[in-house]
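Reviewing the structure listed below.
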Amino acid sequence: MAGANGTAGDVVVRVDRARCVGTGLCAATAPDDLALGEDGRARVRRQVTVSGEELTEAAEMCPVEAITVRSALDGRRIAPAL
Ligand code: SF4
């Protein structure tokens, strides 16, 4: 069953910008989906995107766990791992 926000494999990416400390690791790892904003904190380039290794790796490596990747279908958290 597809939800309103996407199809199987789509994910929703969020960055808690208040938590971000601006290392740039995520933007270097998943540049299609994440970038550093002018304020030096990460921002999402595509809120709904397809799940990919680079994106989940970026969420896993963020030192302050500011990035979350969830299934667009059911909200299940994909990364970082619980
Ligand atoms: S890896 Fe985390 S702390 Fe570093 S820029 Fe990305 S969101 Fe911010």
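Whatever order the structure lists them in is the order used to number ligands and atoms, beginning at 1. The figures here come from the full heavy-atom set of this structure, side chains too, leaving out hydrogens, waters and symmetry mates.
Taking the side chain as every heavy atom from C-beta outward, T68 and V13 never approach each other to under 4.5 Å. Two residues are said to be in side-chain contact when any heavy atoms from C-beta on lie closer than 4.5 Å; V11 and S71 fail this criterion.
A salt bridge links D33 with R46; the closest basic N to acidic carboxylate O contact falls under 4.0 Å.
Among residues two or more places apart in sequence or in another chain, the side-chain hydrogen bond (donor to acceptor under 3.5 Å, both in side chains) test is passed with R17 by D39. With sequence neighbours excluded, no residue forms a salt bridge (Lys or Arg N to Asp or Glu O under 4.0 Å) with R43. Considering only residues two or more places apart in sequence or on other chains, D74 meets the salt bridge (Lys or Arg N to Asp or Glu O under 4.0 Å) condition with none of them.
Listed by chain and number, the protein N, O or S atoms at a distance under 2.8 Å from atom 4 (Fe) of ligand 1 are T23 OG1.
Close contacts between ligand 1 and I67 involve ligand atoms 7 (S) [criterion: under 4.0 Å to a heavy atom].
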